[in-house]
Amino acid sequence: MTTESELANHTVPINKIPKYYVDSVIRVLVIRRGSITPYKNSKHEGTYRTIILVDEEGIKIQATLFNKHIETWKDFLKPNKSYYIAKGRYDRVNPNYSSVHKEVELAFTDNTVIKETDHEVSTQNFSDGFLSLDAVDNLPNGSILDLIYILVSVNPIIQNATSKRREIVVTNELMEPTIVTLWGDFAENDGAFLDKLKDDKPILCLCDGVSIYKGRFGISTIPVSSVLINPIFQKAIDLRAWREIIEADNKDITVAPTKAMRRAIEVPLDHILDGLLPESQDSMYKFKATIVDILNKDEPWYFSGKTCRKKVKVIEEAAACTNCNIDNVEYAMRYCLRLEVCGGEKCTRVVLFEAANNLLGCNVQEYIQSTSIKKEECHYYRKLVLSKDKQFNFLVRIDLTDSNPHRSLIAEEIHQLEDQAPVILEEEVRSMRKYRKRAKKTTNAAAQFNQKKPKVAKD
DNA sequence: CCCCCCCC
């Protein structure tokens, strides 16, 4: 059974596979191919690679390649390609671990047949399950989620001895920028790829992600998640059309306040400095204040060790970290902008790390590069200097249980008061039909609609 | 035969 028509004749949906029956054929789309990972425990040693597959009904199954099978199938099971898989073994899922299917997982044997096919698996049913970011609020913490959103920005990877993580900012049609944390090889591989793509603001889907502590840590990947980049189904095309319209109106989706900022309790600066704060579930507070001085406007950055992010001393390319006690640590530039701000009767110092991106309008590498010659003419530098005497909203995290609070506040986010994010009415946003109509007239999304014969959006 | 759900 190796010809395409034979395979096609025996194909069944994943959910119709008889228990432990090895002669079922499935036709599946690869939505994730994990990196090759070594393992070693008391009984076994080797390498494995996880593959996530989805069939035409939108049912997912996790497959694992071990050892020699990784090499055997190295040119197969590539993301976004469709395959027939015959003579796989369907094992029961270990209930101790999450998987993308409740009951079965696919294992490869020496007899397994994999054949690439041009008969692509339709993602129509699969895409029905993807939710917008605002739907997360209505789900319990720890729910497994399938989300669709627009990439706004990609932060550098943060790694230590035991973990790798990377935060990305994504948004939706309600302009709700939200942080998604990528872990492990999602941070490393998918994250690096997204970093290159980010200026295109691609549409992304997160399959089987999780929302941990609602609001506070937001959404993150788990080991069985998948990240789809620029999928071609209707929901993604609609979201892209919306993005193009927003951009055509010269609204910048990257500057809207995040959910954390919107939800934070607003307090007068005096109350923060005097420790007179109401209880807040996620310790986030916001206050209005005017920037009265920029304390380090000539060099608002430092060399930051990649392990602990503390300041490192760089002498002839080698960076020594006194915090980690390493002589030669990897490092990168990081913003550290110190401001004097006043609100009400009181003034205080505020430090911006990543939030400086927001104020200056570019990342630290770009800032350093563009201010290295003729700084006074640099747009970003001028933006910084001109922020003086203007009023901003600051978002800070304050741990009420900390008996020794720091004197300078760390702002997680900053937004100038006059140019608050564009307010978009929910009804307007929800009317995808309207966007589609406008998109047809005004943007090159029209080309995609005409190609793809849109189905009527359910809503 | 793997199996990490982690963070200011």
Side-chain angles (χ1 to χ4, degrees), chain A residues 32-52 61-70 89 91-101 105-110 112 141-145 155-168 179-188 191 206-226 258 260 264 280 282-285 304 306-310 323 334-336 351-355 395-402 405-406 408-413:
Chain A
R32 169 161 173 79
R33 181 158 83 153
S35 48
I36 299 168
T37 310
Y39 68 91
K40 187 177 180 171
N41 56 40
S42 54
K43 285 182 189 161
H44 300 279
E45 190 175 345
T47 50
Y48 71 96
R49 160 175 259 179
T50 298
I51 313 282
I52 310 284
I61 188 165
Q62 181 179 330
T64 312
L65 290 162
F66 285 101
N67 304 316
K68 64 176 182 185
H69 295 133
I70 297 174
R89 199 183 65 230
D91 294 337
R92 197 179 283 281
V93 166
N94 181 336
N96 295 328
Y97 302 107
S98 52
S99 187
V100 295
H101 192 284
E105 270 177 22
L106 174 61
F108 296 89
T109 72
D110 290 348
T112 301
N141 283 355
S143 303
I144 303 286
L145 312 157
N155 286 329
I157 194 164
I158 298 164
Q159 48 188 320
N160 57 41
T162 52
S163 79
K164 286 177 188 151
R165 73 174 204 274
R166 187 198 290 267
E167 288 177 350
I168 63 171
I179 289 165
V180 173
T181 306
L182 307 178
W183 291 94
D185 71 329
F186 291 101
E188 205 165 19
L206 171 66
C207 306
D208 300 288
V210 71
S211 72
I212 328 174
Y213 309 117
K214 199 193 289 176
R216 180 159 183 176
F217 292 131
I219 298 155
S220 85
T221 63
I222 56 173
V224 298
S225 298
S226 304
T258 68
S280 154
D282 53 8
S283 315
M284 303 296 277
Y285 300 88
S304 158
K306 280 200 173 172
T307 327
C308 66
R309 301 214 274 174
K310 292 232 161 47
N323 186 57
R334 189 182 182 212
Y335 276 128
C336 178
V351 179
L352 308 188
F353 292 104
E354 273 61 39
L395 178 72
V396 291
R397 182 192 306 279
I398 290 163
D399 185 357
L400 297 177
T401 61
D402 187 351
H406 304 285
S408 54
L409 301 167
I410 296 170
E412 313 250 331
E413 218 172 296

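Computed from a predicted structure; not experimentally measured. Residue numbers start from 1 in every chain, and the chains themselves are labelled A, B, ... in the order their sequence lines are given, proteins ahead of strands.
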| field | Sidechain-backbone polar pair: A/Ser283 side chain, A/Asp399 backbone, donor-acceptor under 3.5 Å | value | no
| request: Could you check how far CG of A/Asn67 sits from P of B/dC2, rounded to whole Å? | output: 10 Å
| query | Stacking here means centres under 5.5 Å and planes under 30°; does A/Trp183 stack on B/dC6? | reply | yes
| Out of B/dC2, B/dC8, B/dC5, which nucleotide sits closest to the side chain of A/Ser98? | B/dC5
| field | Rounded interatomic separation in angstrom, taking NZ from A/Lys68 and P from B/dC1 | value | 16 Å
| field | Rounded distance in Å - OH (A/Tyr285) to P (B/dC8) | value | 20 Å
| message | Using the six-membered base ring of B/dC2, report whether A/Tyr48 stacks on it, requiring centroids under 5.5 Å and planes under 30° apart. | response | no
| query | So which heavy atom on A/Ile52 is nearest to which on A/Gln62, and how close? | reply | CD1-CG, 3.9 Å
| query | Are any of A/Asn41's side-chain N or O atoms less than 4.0 Å away from OP1 or OP2 of B/dC2? | reply | yes
| request: Mind calculating the distance between CG (A/Leu206) and P (B/dC5) to the nearest angstrom? | output: 18 Å
| What's the closest nucleotide to the A/Glu105 side chain, out of B/dC1, B/dC7, B/dC2? | B/dC2
| message | From the set B/dC2, B/dC7, B/dC3, return the single nucleotide nearest to any side-chain atom of A/Glu167. | response | B/dC7
| Nearest-Å distance for atom pair CD/P, residues A/Glu413 and B/dC8 | 19 Å
| field | Gap separating the CD1 atom of A/Ile70 from the OH atom of A/Tyr48, nearest 0.5 angstrom | value | 10.0 Å
| Heavy atoms under 4.0 Å, any strand shown: does A/Thr162 hit a base, just sugar-phosphate, or nothing? | nothing
| query | When the distance from CG of A/Leu395 to C1' of B/dC8 is rounded to whole Å, what number comes out? | reply | 12 Å
| Hey, which of these two, A/Ser163 or A/Val224, hits DNA chain B nearer its 5' end, going by closest nucleotide? | A/Val224
| message | Nearest whole Å is fine: how far is B/dC4 C1' from A/Asn160 CG? | response | 12 Å
| request: Measure from the side-chain heavy atoms of A/Pro223 and tell me the nearest of B/dC5, B/dC2, B/dC8. | output: B/dC5
| message | Ring centres within less than 5.5 Å and planes less than 30° apart: is that true of A/Tyr39 and B/dC2 in this structure? | response | no
| Can you tell me if A/Ser143 uses its side chain to pair, donor with acceptor, with the backbone of A/Leu145 under 3.5 Å? | no
| Just how far is it from atom CG of A/Leu182 to atom NZ of A/Lys164, taken to the nearest 0.5 Å? | 13.0 Å
| said: I need the CG-P distance between A/Asp208 and B/dC3, as an integer number of Å. | reply: 19 Å
